[in-house]
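First the structure, in the form of structure tokens, and then the observations on it.
Ligands are counted one by one from 1 in listed order, and the atoms in each one are counted from 1 as well. Starting from 1, each residue takes its place in the sequence as its number.
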Amino acid sequence: MLLYNTLTKKKEEFVPITPGKVSIYVCGPTVYDLIHIGNARPMIVFDTLRRYMEHKGYEVNYVSNFTDVDDKIIKKSIEEGISSSEVSERYIKECKQDMEHMNVRPATTHPRATQEIDGMVAMIGTLIEKGYAYEKNGTVYFSTRKDRYYGKLSHKNLDDLRSGFRSLQVSGEEEKEDPLDFVLWKPKKEGEPFWKSPWSEGRPGWHIECSVMSRKYLGDTIDIHAGGEDLIFPHHENEIAQSECCNGVPFAHYWLHNAFLNIDNRKMSKSLGNFFTVRDIEQHYDLQVLRLFMLSAHYRSPLNFSHDLMESAKSALERIRNAIDNLNYLIANAKTQAMTDAEKKNAGELPGAAKRFDDAMDDDINTADALAVIFDLVRFANSETNEESSKEFVRAIKDEILMLGDILGMVFEKKEEVLDSQIEALIEERQAARARKDFARADEIRNQLAQMGITLLDTREGVKWKRS
Ligand code: AMP
Ligand code: ZN
């Protein structure tokens with residue numbers, strides 16, 4: 001499988017550290033509000049990568065953090081007159097709900113920054129001991145000049161950056177030895193949450209969180225580190241500096257970055273105010289539409305959000321779901337079970353489609369081409385099946401479409417609520433068929449009910465049923 005590595009600016013063959021296993025760390029959201037659909041892009045894209053790697057047989061350890069200590073959280077807690085942990089608890093809960101509705105699976109571990117402070121104090125201590133960090137008035141800075149590889153991820157000209165940053169010095173950080181030095185630990189201000197440390201009562205900088213959580217849950221060197229492209233500099237550059245200077249080994253082998261979700265060709269962001277939350281979108285669309293919309297573009301291409309594109313994703317999803325409904329109807333009513341020779345030949349197309357799907361995904365997660373394979377299969381289903389088709393043939397096509405959809409985290413089969421009254425009407429009809437000795441029809445109804453997830457129990461007191 002080829003993955004584009006920001007570190008080398010090339011597509012590279014993916015080779016895991018441990019055969020059969022993959023470790024992935026994805027920088028998660030800062031939890032001070034509902035997530036917007038820009039934040040949803042890395043969640044959907046890298047969840048899809050995880051699913052595909054599992055499909056290829058890898059055991060995936062997927063870690064994604066919640067940043068639950070931050071200026072924006074503190075600001076919100078002051079505005080609302082509640083503690084910052086109440087703010088972050090609330091939005092972690094909301095974020096998990098959005099993830100579930102987008103069919104983004106929970107990470108293997110979702111560490112929270114505030115629960116990992118000891119590890120951060122320890123790593124900062126090691127960096128000071130090794131001469132990579134220094135303390136000034138309770139603040140600890142990372143000394144970027146001490147790290148001779150600093151800048152290797154973002155490929156930036158550090159001298160240009162230094163002169164640019166000199167004029168943009170953040171107030172309170174005047175004592176930095178170099179404009180590119182960044183904060184590892186900072187003292188508390190009045191009313192802020194704080195933890196004890198050898199340098200001051202205060203809190204960690206943002207970058208150190210990920211270095212510590214990645215090491216704790218995945219080890220010193222991991223396979224894949226991912227996030228949105230805005231994180232390349234300074235966040236990921238700084239994570240590399242901290243982790244590699246502390247641990248003395250490479251931090252991550254592959255660095256993956258998704259491009260932005262834009263509106264009117266500008267980045268969707270909270271600060272610009274041009275955003276929709278996932279919750280806004282859910283009021284108008286099934287979130288599977290949002291997922292399909294995201295996956296219809298390559299993750300490294302900017303994606304412009306528009307009503308028209310969402311509407312076309314909606315009709316595309318309906319097209320697939322209608323095809324599946326139709327296949328379900330044919331399965332329930334098929335007159336023959338086993339495939340004919342002609343159908344066997346025709347079904348020979350299916351492995352080819354699966355291969356094209358894998359080829360697309362193997363080419364740096366080309367979900368747009370992978371989706372195109374699913375649409376080809378939908379066309380194939382619509383043209384090659386009819387009421388004369390065998391059950392086995394129709395089911396083979398349906399299973400293939402659902403299986404490929406599942407790898408992308410797409411759910412194509414509507415799980416409609418089956419009403420008790422519908423079930424009871426079918427059971428009555430089955431009893432009538434049995435009474436007139438039409439056992440074929442009775443069996444057919446039993447099968448139809450089984451497909452709806454209903455099991456029939458013939459008891460002495462009559463027919464009972466249960467949902468399975
Ligand atoms: P934040 O809470 O801002 O740190 O963002 C969480 C994740 O969402 C990071 O990986 C960001 O890079 C990503 N992200 C934020 N805004 C966008 C956007 N408009 N498009 C794509 N990714 C984004
Ligand atoms: Zn991070």
So, regarding [X] and ligand 1 (criterion: nitrogen or oxygen to nitrogen or oxygen, under 3.5 Å), is there a contact or not?
X: R41; value: no
X: K267; value: no
X: M268; value: yes

Name the closest protein heavy atom to [atom], giving the residue it belongs to and the distance to 0.1 Å.
atom: atom 23 (C) of ligand 1; value: G38 O, 3.3 Å
atom: atom 4 (O) of ligand 1; value: T30 OG1, 4.0 Å
atom: atom 16 (N) of ligand 1; value: H36 CE1, 3.5 Å
atom: atom 12 (O) of ligand 1; value: D230 OD1, 2.4 Å

Does only the side chain of [X] get under 4.0 Å from ligand 1, or the backbone, or both, or neither? Count heavy atoms.
X: L261; answer: both
X: S269; answer: neither
X: K270; answer: neither

Numbered atoms of ligand 1 (with element) below 4.0 Å of [X], judged on heavy atoms:
X: N258; answer: 21 (C), 22 (N)
X: A259; answer: 21 (C)
X: G228; answer: 10 (O), 12 (O)
X: P42; answer: 8 (O), 10 (O), 13 (C), 22 (N)

Subject >> Centroid-centroid distance, H225 to F251, less than 6.0 Å >> reply: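 Yes, the ring centres sit under 6.0 Å apart.
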
Original post:
Ring centroid separation for F14 and Y254, is it under 6.0 angstrom?
Top reply: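 Yes - the distance between ring centres of F14 and Y254 falls below the 6.0 Å cut-off.
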
Subject >> Heavy-atom pair with the smallest gap, counting every atom of M310 and V289 >> reply: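 In terms of heavy atoms, the two residues are closest at O-CG1, 3.6 Å.
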
**OP:** Determine the minimum heavy-atom distance between I331 and K398, stating which atoms define it.
**Re:**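 Closest approach of I331 to K398, heavy atoms only: CD1-CD, 3.7 Å.
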
**OP:** Quick one: report the N, O or S atom of E239 that is nearest to the Zn ion (ligand 2).
**Re:**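 Of all N, O or S atoms in E239, the Zn ion (ligand 2) lies closest to OE2.
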
Original post:
Nearest to atom 18 (C) of ligand 1 by heavy atom, F260, W206, Y32: which?
Top reply: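 Ranked by closest heavy atom to atom 18 (C) of ligand 1, first place is F260.
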
**OP:** Check each of L231, I263, N39 against atom 8 (O) of ligand 1 and report the one with the nearest heavy atom.
**Re:**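 The nearest heavy atom belongs to N39.
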
Subject >> Distance, nearest 0.5 Å, that separates CG of L158 from OG1 of T144 >> reply: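 The distance works out to 7.5 Å.
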
Original post:
Got a second to check how far I24's CD1 is from N61's CG, nearest 0.5 Å?
Top reply: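 I24 atom CD1 to N61 atom CG measures 9.0 Å (nearest 0.5 Å).
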
For the residue pair [X] and [Y], categorise the inter-ring angle as parallel (less than 30°), tilted (30 to 60°) or perpendicular (more than 60°).
X: F142; Y: F182; result: parallel
X: H236; Y: W255; result: tilted
X: F233; Y: Y150; result: perpendicular

Subject >> Check: D358 main-chain N/O paired with Y52 side-chain donor or acceptor under 3.5 Å >> reply: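 Yes.
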
Original post:
Between D230 and K267, is the closest basic N to carboxylate O distance under 4.0 Å?
Top reply: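 Yes.
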
Subject >> N, O or S atom of C27 closer to the Zn ion (ligand 2) than 2.8 Å >> reply: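 Looking at C27, which is the residue asked about, there is an N, O or S atom under 2.8 Å from the Zn ion (ligand 2).
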
Original post:
When you draw lines from the Zn ion (ligand 2) to NE2 of H235 and to SG of C210, what angle lies between them, to the nearest 10°?
Top reply: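 Vertex the Zn ion (ligand 2), arms to NE2 of H235 and SG of C210: 110°.
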
Original post:
If you draw the axis of the six-membered ring of Y4, does the NZ or CZ of K9 fall within 45° of it and under 6.0 Å from the ring centre?
Top reply: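 Cation-pi check for K9 and Y4: fails.
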
